[in-house]
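Only one structure is covered here, and it is reproduced in the block below.
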Amino acid sequence: VHDGIATVAFERDARIVEYAIGPGGIGGPLREIDFVVPRNELRYNQGFETIARAPDGGHLDGARIVVAERSIDTEGNIFAAIVEGPQRGIFKVRRSGDFDVTDGAFLPGGDLLLLERRFSIAQGVAMRLRRIEAATLMPGALVDGTVLMQADLAYRIDNMEALDVWQRDDGETIVSLVSDDNQSFLQRTIYLEFVLVE
């Protein structure tokens, strides 16, 4: 959400739509945004999980980006795109450790945080936070980043799907994570909060 506009991704029927938010709530759709990635590259129910807006004045100067959950190219890399601005175009995110992208948010300095999730019957659920440097985000790039955190069910995590970054009153950068219980008695909706230590 930015300047009264909500940008929403629809994962199964791939599209990105803007909606106006006013005092009375959210209105009807304003327009669809070209998401740059060829539609045939987006896998059913594994399309765009992430929409994030870069900080104004930084490397991408307020441009929105999208990252797919597990729509991958022939090399196994995840499709992503900068959908507006002078650097508009496709980039890829290196996929590793069987992790899929579930959300992303920009840090104040312009680096991108990606929240990733892994699930297997044998190992259960795991999550990872990866930091992508701002300067590497450009059309044609294959980006990777430093793992800031990785956790499995030995820690208090679940199906982690939502991420936000915000500034606390004392100036600390806070990373908030939320899980989705999928309306299952086997899962929980939990909220985790961390201070980002530079």
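Bear in mind that the values here come from a model prediction, so they are computed numbers and not experimental data.
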Flag yes if more than 12 heavy atoms outside Glu133 fall under 6.0 Å of its CD atom; otherwise flag no. no
Closest heavy-atom contact between Gly110 and Ala134? O-CB, 3.2 Å
Distance (rounded to the nearest 0.5 Å) between Leu129 CG and Leu196 CG: 9.0 Å
Shortest non-hydrogen contact from Gly104 to Leu114? CA-CD2, 4.2 Å
Is it true that Leu60 and Phe91 fall in one hydrophobic cluster, defined by side-chain heavy atoms closer than 4.5 Å? yes
Side chain Asp144, main chain Arg94, donor-acceptor under 3.5 Å: no
Would you mind checking if Arg131 and Asp111 are paired as a salt bridge, meaning a charged N to carboxylate O distance below 4.0 Å? yes
Are side-chain heavy atoms of Glu161 and Arg117 found at a separation under 4.5 Å? yes
Find out whether Ser176 and Leu192 are in side-chain contact, i.e. whether some heavy atom of one side chain is under 4.5 Å from a heavy atom of the other. no
Between Thr102 and Ala162 (side chain of the first, backbone of the second, donor and acceptor by atom type, cut-off under 3.5 Å), is there such a pair? no
On a heavy-atom basis, the closest approach of Leu30 and Ala20 is CD1-N, 3.7 Å
For Asp169, does the CG atom have more than 12 heavy-atom neighbours from other residues, nucleotides or ligands under 6.0 Å away? no
Kindly work out whether a path of hydrophobic side-chain contacts (I/L/V/M/F/W/Y, heavy atoms less than 4.5 Å apart) joins Ile82 to Leu112. yes
For the pair Asp61 (side chain) and Gly57 (backbone), establish whether a donor and an acceptor sit closer than 3.5 Å, ignoring hydrogens and angles. yes
Check: Arg39 side chain, Ala14 main-chain N or O, donor-acceptor pair, under 3.5 Å: yes
side-chain contact (heavy atoms from CB on, under 4.5 Å) between Ile16 and Val66: does it pass, once the steps are laid out? CA-CA 9 Å; Ile16 299 173; Val66 291; 3.3 Å; yes
When rounded to the nearest 0.5 Å, the distance separating CZ of Arg43 from CD of Glu11 is 13.0 Å
If you apply the rule side-chain contact (heavy atoms from CB on, under 4.5 Å), what do you find for Glu172 with Trp166, and how did you get there? CA-CA 8 Å; Glu172 296 281 13; Trp166 50 282; over 6 Å; no
Working note: Asp34 + Arg88, criterion salt bridge (Lys or Arg N to Asp or Glu O under 4.0 Å); need CA distance, chi angles, decisive distance, verdict. CA-CA 10 Å; Asp34 179 4; Arg88 183 175 182 272; 2.6 Å; yes
So which heavy atom on Ile26 is nearest to which on Ala6, and how close? CD1-CB, 4.3 Å
Run the side-chain contact (heavy atoms from CB on, under 4.5 Å) check on Ile72 and Asn77 step by step: do they pass? CA-CA 5 Å; Ile72 57 175; Asn77 300 309; over 6 Å; no
For a salt bridge (Lys or Arg N to Asp or Glu O under 4.0 Å) check, start with the C-alpha distance between Arg70 and Glu116, then their side-chain angles and the critical distance, and finish with the verdict. CA-CA 11 Å; Arg70 198 198 310 175; Glu116 299 172 295; over 6 Å; no
Have a look at Thr7 and tell me which of Arg64, Glu18, Arg53, His2 forms a side-chain hydrogen bond (donor to acceptor under 3.5 Å, both in side chains) with it. Arg64
Please say which of Phe79, Phe48, Phe10 ends up in a ring pair (Phe, Tyr, Trp, His ring centres under 6.0 Å) with Phe35. Phe48
With rounding to the nearest 0.5 Å, note down the distance linking CD1 in Ile65 to CD in Glu84. 11.0 Å
Met160 and Val178: CA distance, side-chain angles, deciding distance, side-chain contact (heavy atoms from CB on, under 4.5 Å) verdict: CA-CA 6 Å; Met160 309 311 294; Val178 180; 5.7 Å; no
Any donor and acceptor pair, going by atom type alone, linking the side chain of Ser71 with main-chain N or O of Ala68 inside 3.5 Å? no
Between Asp100 and Arg95, is there a salt bridge with N-O shorter than 4.0 Å? yes
What about Met149 and Leu115, same hydrophobic cluster or not, with Ile/Leu/Val/Met/Phe/Trp/Tyr joined at side-chain heavy-atom distances under 4.5 Å? yes
Heavy-atom count check: over 12 atoms from other residues, nucleotides or ligands less than 6.0 Å from Tyr155 OH? no
Same cluster for Val17 and Val1 if Ile/Leu/Val/Met/Phe/Trp/Tyr side chains link at under 4.5 Å? yes
What's the separation between atom CG in Leu113 and atom CG in Asp103, rounded to the nearest 0.5 Å? 10.5 Å
Find the distance between CD1 (Ile78) and CG (Leu142) and round it off to the nearest 0.5 Å. 10.0 Å
Treating Ile, Leu, Val, Met, Phe, Trp and Tyr as nodes and any side-chain heavy-atom pair under 4.5 angstrom as an edge, say whether Tyr19 and Ile51 lie in one connected cluster. no
Could you tell me the separation between the CZ atom of Phe99 and the CZ atom of Arg128, rounded to the nearest 0.5 Å? 5.0 Å
Please answer whether the main-chain N or O of Ile190 pairs with a side-chain N or O of Ser179 as donor and acceptor at a distance below 3.5 Å. yes
Would you say Lys92 and Asp73 make side-chain contact, with heavy atoms under 4.5 Å? yes
Do Ile174 and Val195 make a side-chain contact, defined as non-hydrogen atoms from C-beta onward lying under 4.5 Å apart? yes
Among side-chain atoms of Gln46 and Tyr44, is any donor-acceptor pair under 3.5 angstrom? no
Non-hydrogen side-chain atoms of Val175 and Leu163 separated by less than 4.5 Å: yes
Nearest atoms (heavy-atom pairs only) where Pro55 meets Leu107: CG-O, 3.5 Å
Is there a side-chain contact between Leu148 and Phe194 in this structure, where contact means two heavy atoms from C-beta onward sitting under 4.5 Å apart? no
